[in-house]
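What you see is a predicted model, and the numbers here were worked out from it, not measured in a lab. Proteins come first, then strands; the chains are lettered A, B, ... in the order of their sequence lines, and each starts at number 1.
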Amino acid sequence: MTVQSACWLMKTEPDVFGYPDLERVGREPWNGVRNYQARNFLRQMQPGDRVLIYHSNARPTGIAGVAQVVSAAYPDDLQFRPESPYHDPTSPPDAPRWSMVDVAPLRAFPRLLSLEQLRELPEWQDSPLLRRGTRLSVLPVTAPEYRAALRAVGLDDLA
DNA sequence: GCCAACGTTGGC
DNA sequence: GCCAACGTTGGC
């Protein structure tokens with residue numbers, strides 16, 4: 001039986017790697033996630049899942065584009081690189097602790113859908129993204145949330 | 001197993 | 001740059 005593909009939101013700092021960078025490179029291993037809850041979400045991802053790319057630590061913050069998962073989860077190589085800030089010397093090589101997926105761009109938002117605008121969408125009222133203190137960098141997005149976000153910027157064809 | 005200290009995230 | 005909120009660490 002076919003399962004409806006899931007939707008997610010992933011945060012990134014545009015000064016480091018933003019949606020335009022994803023378009024430039026065409027495909028990117030989403031490495032550096034070092035939070036167990038976020039990792040567990042990564043491991044649930046399947047190729048074809050949609051991903052809203054959220055720019056954090058930006059002015060303004062908000063969703064900049066929609067991407068697609070193009071791999072299953074696999075070990076994040078940076079955990080075994082001593083020179084990397086994401087090195088984790090306690091990760092067992094035979095059972096790597098941290099995972100990542102590859103992501104490819106799908107469509108840039110014609111305009112940023114800001115956090116302020118997200119707060120005004122009824123469908124988004126229950127999203128952890130809008131809750132004070134939520135620091136998750138990878139989180140699930142419901143189908144109504146996903147559709148509302150795309151419609152808000154006129155991308156009805158992707159919703 | 002508790003919890004204080006510490007580091008990080010992320011909006012403002 | 002500030003600081004609230006949260007996750008992790010480590011002493012006990």
Practice task
Select base, sugar-phosphate, or nothing to describe what Arg132(A) touches, counting heavy atoms under 4.0 Å on all strands.
Solution key: sugar-phosphate
Handout entry: Any Gln79(A) side-chain heavy atom under 4.5 Å of Met100(A) side chain
Key = no
Exercise for the section: Taking only the side-chain heavy atoms of Lys11(A) (C-beta and beyond), determine which of dC12(B), dG10(B), dA4(C) contains the nearest atom. Expected result: dG10(B)
Practice task
Rounded to the nearest angstrom, tell me the gap between atom CG in Leu118(A) and atom C1' in dG10(B).
Solution key: 15 Å
Practice task
Compute whether any side-chain donor of one residue and acceptor of the other, for Arg111(A) and Gln117(A), lie under 3.5 angstrom apart.
Solution key: yes
Handout entry: Rounded interatomic separation in angstrom, taking CE from Met10(A) and C1' from dT9(B)
Key = 17 Å
Practice task
Would you indicate, yes or no, if dG11(B) has its OP1 or OP2 atom less than 4.0 angstrom from a side-chain nitrogen or oxygen of Tyr54(A)?
Solution key: yes
Practice task
Say whether Ser71(A) and Arg27(A), considering side chains only, have a donor N or O and an acceptor N or O under 3.5 Å apart.
Solution key: no
Completion exercise
To the nearest angstrom, the CG-P distance between Leu136(A) and dA5(C) comes to 17 Å
Problem - Length of the CG-P vector between Asn57(A) and dG1(C), whole Å - result: 14 Å
Handout entry: Whole-Å gap separating C1' (dT8(B)) and CD (Glu13(A))
Key = 11 Å
Practice task
Determine the contact category for Leu130(A): base if any of its heavy atoms lies under 4.0 Å from a base atom, sugar-phosphate if only primed atoms, P, OP1 or OP2 are that close, otherwise nothing.
Solution key: nothing
Fill in the blank from the handout: When rounded to whole Å, the CG to P distance for the pair Leu139(A) and dG10(B) reads 10 Å
Problem - Among dG10(B), dC6(C), dC12(B), the nucleotide that comes nearest once only the side chain of Ser56(A) is considered - result: dG10(B)
Problem - Euclidean distance, atom CG of residue Asp88(A) to atom C1' of dG7(C) [Å, nearest integer] - result: 15 Å
Exercise for the section: Grab the CG-C1' distance between Leu9(A) and dG10(B) for me, whole Å please. Expected result: 14 Å
Handout entry: Out of dG7(C), dT8(C), dC12(B), whichever nucleotide has its closest atom nearest the side chain of Tyr36(A)
Key = dT8(C)
Exercise for the section: Establish, from distance only, whether the side-chain atoms of Tyr74(A) and Ser99(A) form a donor-acceptor pair under 3.5 Å. Expected result: no
Handout entry: Short N-O contact, Arg39(A) and Asp76(A), less than 4.0 angstrom
Key = no
